[in-house]
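Taking it in order: structure first as structure tokens, then the write-up.
Lettering of chains follows the sequences in order, A, B, ..., and the numbering in each one begins at 1.
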There are 2 protein chains.
Amino acid sequence: MQNIVAETLKRSQLSVTDSRKKILEYFHHSKGALAHADIERLSGEQFDRVTIYRTLQTFVEKGIIHSIPTSDNSIRYALCKDDCAEGHHHDNHIHFVCDVCGTTFCLDHVTIPNVQLPAGFKSKQTDVIVSGICGKCGNI
Amino acid sequence: MQNIVAETLKRSQLSVTDSRKKILEYFHHSKGALAHADIERLSGEQFDRVTIYRTLQTFVEKGIIHSIPTSDNSIRYALCKDDCAEGHHHDNHIHFVCDVCGTTFCLDHVTIPNVQLPAGFKSKQTDVIVSGICGKCGNI
DNA sequence: TTTTATTTTGCAACTTTGTTGCAAAGTGCT
DNA sequence: AGCACTTTGCAACAAAGTTGCAAAATAAAA
């Protein structure tokens, strides 16, 4: 894990620091998406709030993570797939938010259906957010 | 317009007040979605920030407006269609955000494609956010 | 129409969330 | 190890959102 994390950072031309390693590890260990507050909690206040903000921002710029649209006011982030590089993000994402446990899943293997837009509208990116009950919570 | 607005409020068992009437009118006049800040600006600080927060919250609860997921951290709201009632929102929404003018359109007449979920996942609501260039900005 | 009960508003104070500048510490390179 | 450069943490600030409560507005009743 340490290696994957360090390599990712180097590949993105970022210096390998404690905070970046730790925060990136959180994303690798997490099944779902993470918000700023989650990371603050996970790290036990080890890092300054500002550092976390800046790290997340850097990761987004470098194409390591992407932000997920939410209805409540919390930005959540998830790891990008390997072929997401700087300035070359995936154009389509599908996310599933579980109403019970609150986990946000990034469904990489689901294809996004094509949407028929009104005349004159040009689509560049499509985000789908499905909410409901996830596999785990449905079996309780 | 006055009538539609007042009737909507009464139908939702809300007392008809200046702020509610004005704010609901803004939604009827606006082609796109509105954020808290938009309403504050439109009203020229006529109403307290707190009143606007509470009014929007009430409208969401009563099924008069709904919130739209966004990638940036700003909650935006749009009018619900007529058959949205308290506790009985539409299950599906499709929104288009123009990258040029920033307007968020609520595309009511576009059908939402069905999404194939992993086994065990149950979908309750689907939100689609398409971003790109709207008809107006594409013709400049 | 006036009175009364209930709801809504505005204010003040506060919490949470996000941003910026800058000195100190850490990283990468020779 | 020493030097250039990047990143971090602190402090101060700005913006966004929340809560309690008294005053004002609305709705309903007399």
Discussion item. Under the criterion side-chain contact (heavy atoms from CB on, under 4.5 Å), I'd like the reasoning laid out for B:K22 against B:D18: C-alpha separation, chi angles, the key distance, then a yes or no.
Written reply: CA-CA 6 Å; B:K22 267 280 180 61; B:D18 283 356; 5.8 Å; no

Worksheet item: Between the two end axes of the helix from C:dT1-D:dA30 to C:dT30-D:dA1, each built from 5 base pairs, what angle do you get to the nearest 10°?
Response: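 One end axis against the other gives 40°.
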
Mind calculating the distance between [atom1] ([X]) and [atom2] ([N]) to the nearest angstrom?
X	N	atom1	atom2	result
A:K22	D:dT7	NZ	C1'	17 Å
A:K21	D:dT8	NZ	P	12 Å
A:Q46	D:dT8	CD	P	12 Å
B:E40	C:dG10	CD	C1'	13 Å
B:H36	D:dT18	NE2	P	9 Å
A:I52	D:dT7	CD1	C1'	14 Å
B:E45	C:dG10	CD	C1'	14 Å
B:Q13	D:dA28	CD	P	10 Å

Worksheet item: Strictly by modelled atom types, are A:S74 and A:R76 linked by a side-chain donor-acceptor pair under 3.5 Å?
Response: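 Yes.
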
Worksheet item: Are B:N114 and B:Q116 linked by a side-chain donor-acceptor pair shorter than 3.5 Å?
Response: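 Side-chain D/A pair, B:N114 to B:Q116: absent.
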
Discussion item. Which residues in residues 69-79 of chain B have a heavy atom closer than 4.0 Å to any atom of DNA chain C?
Written reply: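 Heavy-atom contacts with DNA chain C come from B:N73.
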
Item to complete: Do nucleotides 19-30 of chain C as a string where each nucleotide becomes B, S or -: B if the base has a protein heavy atom under 4.0 Å, S if just the sugar-phosphate does, - if no protein is that close.
Response: BBB-----SS--

Which atom pair, heavy atoms only, marks the closest approach of [X] to [Y]?
X	Y	answer
B:A78	B:I68	CB-CD1, 3.9 Å
A:F105	A:C134	CE1-CB, 3.6 Å
B:L42	B:Y26	O-OH, 3.6 Å

Fill in: Worked check of side-chain contact (heavy atoms from CB on, under 4.5 Å) between B:I75 and B:H36
CA-CA 8 Å; B:I75 315 186; B:H36 178 277; over 6 Å; no

Less than 4.5 Å apart, side chain to side chain, heavy atoms only: is that true for [X] and [Y]?
X	Y	answer
B:V115	B:S123	no
A:F59	A:Y77	no
A:C106	A:H66	yes
B:V130	A:Q125	no

